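Just so we're clear, the structure is a prediction, and the values are computed from it rather than from any experiment.
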Amino acid sequence: PEKGKSYFKNSEIFIAASITGSSIQSGKVFLNSSYIGEIDPVGGFYSFIPENEKASKNGKNIVEIKIIDTKGDVYKDSVLFSIN
């Protein structure tokens with residue numbers, strides 16, 4: 001999702017992860033601190049529909065990703081967005 005943007009609860013939200021100098025080995029996606037899925041290590045993508053996730057709520061939400069690369073390095077990022 002884009003930082004600060006609002007989404008409808010039935011719209012598909014896409015997450016794209018990439019790192020420079022290495023490849024993604026694994027990646028976890030969290031919505032409001034609840035695990036919701038895995039980043040595809042080949043494409044670096046994940047998507048979800050908020051109304052299908054128990055962790056989603058009307059108003060402000062935060063999606064967090066935790067990526068581990070093939071060297072064992074850990075990367076984290078988060079985005080705050082809203083659901084209508």
Shared hydrophobic cluster for V79 and I65 (ILVMFWY, side-chain gaps under 4.5 Å):
yes

Can you tell if the side chain of Y46 reaches within under 4.5 Å of the side chain of K28, non-hydrogen atoms only?
no

Looking only at heavy atoms, the pair that brings P50 and S56 closest together is O-OG, 2.6 Å

Using only atom types and a distance under 3.5 Å, with no angle test, would you say the side chain of Y75 pairs donor to acceptor with the backbone of D69?
no

Shortest non-hydrogen separation from A55 to N61 and the atoms involved:
O-OD1, 4.2 Å

Please say yes or no: joined through hydrophobic side-chain contacts below 4.5 Å, possibly via intermediate residues, are I15 and I68 part of one cluster?
no

Output yes when a side-chain donor or acceptor of K66 lies under 3.5 Å from a complementary backbone atom of F30, and no otherwise.
no

If I take atom CD from residue E53 and atom CD1 from residue I36, how far apart are they, to the nearest 0.5 angstrom?
4.5 Å

Does the side chain of P1 reach to within under 4.5 Å of the side chain of V63, using non-hydrogen atoms?
yes

Would you find more than 12 non-hydrogen atoms of other residues, nucleotides or ligands less than 6.0 Å from Y35 atom OH?
yes

Residues Y7 and E2: closest non-hydrogen pair is OH-N, 2.7 Å

E12 and I49: which non-hydrogen atoms are nearest, and at how many Å?
CA-CG1, 3.9 Å

Within the 4.5 Å heavy-atom criterion, are F81 and I13 side-chain neighbours or not?
yes

Checking the side chain of D40 only, and the main-chain atoms of E38 only, is there a donor and an acceptor separated by less than 3.5 Å?
no

Over all atoms of both residues, closest heavy-atom pair of I83 and K57
CB-O, 3.6 Å

Between N32 and I62, is there a donor-acceptor pair closer than 3.5 Å when you use the side chain of the first and the backbone of the second?
yes

Nearest heavy-atom neighbours spanning G27 and I67:
CA-CD1, 3.8 Å

Working to the nearest 0.5 angstrom, can you tell me the gap between K9 NZ and S82 OG?
15.0 Å

